[in-house]
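Just below is one structure, and these are the notes that go with it.
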Amino acid sequence: MDVSNFLENFIRKESLFKNKSILQSSYNPDEIMHRDEQINNIAKVLAPALRQERPSNLFIYGKTGSGKTLSVHATIKQIQTLAQREGIPIKFIYINCKLKKVADTEYRLVAEITRHFGKSIPPTGLPTDEVYNIFYKALDQEKQTVILVLDEIDQLVKKIGDEVIYNLTRINTELKNAQLCLLGISNDIMFADNLDPRVKSSLSEEELVFPSYNALQIQDILKVRSQDAIKDGILEEGVIPKCAAYAAREHGDARRALELLRVAVELAERKGLVKITTKELDEAEEKIEKDRVLDIITTQPKQFQLVLYSILLLYDQRKQQNIIFTGEIYLLYKELCAKVNLRPLTQRRVSDVIAEFDLLGIINAKVISKGRYGRTREVSVVTNDTLNAKIKSLLEGALQLG
DNA sequence: CGAGATTCATGTGAAGTATACCTTTAGGCTTAA
DNA sequence: AAGCCTAAAGGTATACTTCACATGAATCTCGTA
């Protein structure tokens, strides 16, 4: 009865949001603030497409939440409407390379691209060459300019190397009708330094750097968006500046600032408050991190979870010197496997698993040499204790541990 | 005392294996003319 | 005879294993001052 009461109230009660979607990361605002120059530059580079000429490949750097993806999308949209009106064949393909199972191998990446042409590619079974062929054909079928946006391209290269990109940049030489333009987006400024020089030079025929927003700019953005997104007068004085300050601390991540605000309002709503204070912001910050980590963890395979569980268990035992080595992890992991009736992976594999968790940012794992005492990964946990406890109980449930 | 040589515990690359899934091909059966 | 379904054959990607070699600083060794 409490539940029905709650739900009843929920309907009656006015939402604190006017339009929540405006604060969600998928939202594309009509106007992007403080990015005019960048958008103009993108437009300049891509404009030749409107004359059926191949635009130079473009490479965009900038920290997370500096508006890269947004600006690209905005530019694309404008070009597209224009192209549509004039009947110019331009096609945009956007792929986020970060998504696991979408673009973490060469095959999967090319398959994913090809699917954007309406072809269906099986998840496995075809030779990679064949997938390339299908891609060529689909691409070259008609006279068109295709602009391929690879977001978080650094993640891709980190995983599978730069050969794919090389292949993609070279495709143009074999195309009769169509032309392909690559637009790479990277969070990692140093990324290009580790590229094969050939790849680097062809990928970044043009380069563009997105500076991070400063606290004031983030405040601007927050103000404008919150005006349309949430009810008037529910933000306590100082909430927006603090929110901006939080985000600016994290290298000016506007996306994070918006998320922070949205989650804070959600929390307030759930608590039945009518004012958002900085307290909600703090809670929101915690919740976001928690959700991010929990989300990653729950979607991992069992074996991975067990490895992580071992790490957390060891971390708890070692409060003082919270450094853990691969060998210990593997030992405990094997023990746990026996308990849960799981065939343990080899140490070789576990080594890779640990490296993957590092890449995901859930743990810190650094390869060190202990001199006479060998070589290992030095693993430490980055999450805080309350979150760890949460993760552990969650994993215990998922793995049916005692 | 200091320069090399040793050593340890794993990192790491390459090649091999199991599994899941794909396409192609060849029968075998059904169906319609 | 044409069409459709099924099963076998032949092929691939992926996750993982096996094998073998690479690492790199603490420690040891041994010649020398």
Side-chain angles (χ1 to χ4, degrees), chain A residues 95 97-138 155-168 194 196 296-311 314-315 317-318 321-338 340-360 362-381 398-399:
Chain A
I95 289 182
C97 306
K98 193 175 64 179
L99 303 175
K100 210 176 173 179
K101 300 285 173 190
V102 168
D104 59 351
T105 68
E106 181 173 16
Y107 179 94
R108 295 216 255 251
L109 175 69
V110 181
E112 185 61 25
I113 298 171
T114 311
R115 288 196 192 102
H116 277 81
F117 286 93
K119 309 276 181 203
S120 71
I121 306 288
T124 169
L126 291 188
T128 305
D129 284 354
E130 184 57 23
V131 182
Y132 264 111
N133 278 333
I134 299 174
F135 171 49
Y136 281 140
K137 257 195 213 138
Q155 303 278 327
L156 178 75
V157 172
K158 218 181 265 172
K159 275 224 145 135
I160 57 175
D162 50 18
E163 204 180 322
V164 203
I165 304 182
Y166 181 65
N167 288 340
L168 287 175
N194 308 321
D196 183 317
I296 294 176
I297 290 169
T298 46
T299 54
Q300 292 303 322
K302 270 203 164 125
Q303 300 280 10
F304 284 49
Q305 294 183 340
L306 205 51
V307 173
L308 183 66
Y309 185 73
S310 309
I311 295 173
L314 282 169
Y315 174 76
Q317 288 168 19
R318 301 292 157 73
Q321 40 118 176
N322 63 41
I323 290 169
I324 310 163
F325 302 120
T326 309
E328 315 174 279
I329 297 172
Y330 188 65
L331 232 60
L332 178 56
Y333 158 79
K334 265 213 310 216
E335 227 174 86
L336 289 174
C337 273
V340 196
N341 250 336
L342 221 58
R343 197 166 57 82
L345 299 175
T346 50
Q347 179 149 344
R348 175 73 186 81
R349 182 62 184 147
V350 170
S351 180
D352 285 348
V353 171
I354 293 175
E356 262 188 66
F357 275 129
D358 179 43
L359 216 63
L360 285 171
I362 292 180
I363 60 173
N364 266 323
K366 205 171 69 191
V367 180
I368 57 153
S369 173
K370 289 188 292 167
R372 178 66 214 282
Y373 304 105
R375 198 168 192 267
T376 183
R377 274 202 175 81
E378 193 184 77
V379 176
S380 60
V381 178
L399 301 165

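Quick caveat, the model's predicted, so the values are computed rather than measured.
- Looking only at side-chain heavy atoms (C-beta outward), A:F135 and A:I121 stay at 4.5 Å or farther from each other.
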Sub-3.5 Å pairs of nitrogen or oxygen atoms, protein against nucleotides 17-20 of chain C:
{"from": "C:dT17", "atom 1": "OP1", "to": "A:T346", "atom 2": "N", "distance (Å)": "3.2"}
{"from": "C:dT17", "atom 1": "OP2", "to": "A:T346", "atom 2": "N", "distance (Å)": "3.1"}
{"from": "C:dT17", "atom 1": "OP2", "to": "A:T346", "atom 2": "OG1", "distance (Å)": "2.8"}

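- Residues A:I134 and A:L126 meet the side-chain proximity criterion, which asks for heavy atoms closer than 4.5 Å.
- At C:dT27, one or more side-chain N or O atoms of A:Y373 fall inside 4.0 Å of OP1 or OP2 (strictly under the cut-off).
- Of the possible donor and acceptor atoms, none in the side chain of A:S351 sits under 3.5 Å from a partner among the backbone N and O of A:Q347.
- OP1 and OP2 of B:dT10 both lie 4.0 Å or more from every side-chain N or O belonging to A:S369.
- Between the CD1 atom of A:I296 and the CG atom of A:L308 there is a distance of 10.5 Å, given to the nearest 0.5 Å.
- Computed from coordinates, the A:R375 CZ to C:dA26 C1' distance equals 14 Å when rounded to whole Å.
- Residue A:Y132 contributes atom OH, which lies 16 Å from atom C1' of C:dT12 at whole-angstrom precision.
- Taking every heavy atom of residues 120-130 of chain A and every atom of DNA chain B, pairs under 4.0 Å involve A:P122, A:T124, A:G125, A:L126, by number.
- The side-chain heavy atoms of A:V340 and A:K302, taken from C-beta on, include no pair separated by under 4.5 Å.
- Here the side chains of A:Y132 and A:T128 are in contact, with some heavy-atom distance below 4.5 Å.
- Summarising the geometry, the separation between NZ on A:K366 and P on B:dA9 is reported as 21 Å, rounded to the nearest angstrom.
- If you take CD of A:Q303 and P of C:dT14, they are 20 Å apart, rounded to a whole angstrom.
- By the 4.5 Å heavy-atom criterion applied to side chains, A:R348 and A:D352 are counted as neighbours.
- Contact check, A:S351 against B:dG11: a side-chain N or O comes under 4.0 Å of OP1 or OP2.
- For A:R377, no side-chain nitrogen or oxygen approaches OP1 or OP2 of C:dT23 to under 4.0 Å.
- Residues from residues 324-338 of chain A with heavy atoms under 4.0 angstrom of DNA chain B, sorted by number: A:T326, A:G327.
- A donor-acceptor pair under 3.5 Å links the side-chain atoms of A:Y333 to the main chain of A:L345, judged by distance alone.
- A:I368 has its CD1 atom 13 Å from the P atom of C:dG24, to the nearest Å.
- The closest side-chain heavy-atom distance from A:L360 to A:Q300 is below 4.5 Å.
- In this structure, A:Q303 and A:R343 approach most closely via the heavy-atom pair NE2-O, 2.9 Å.
- Using a distance-only test at 3.5 Å, with no hydrogens or angles considered, no donor-acceptor pair links the side chain of A:T326 to the main chain of A:T376.
- Atom C1' of nucleotide B:dT12 and atom CD1 of A:I354 are separated by 14 Å, given to the nearest angstrom.
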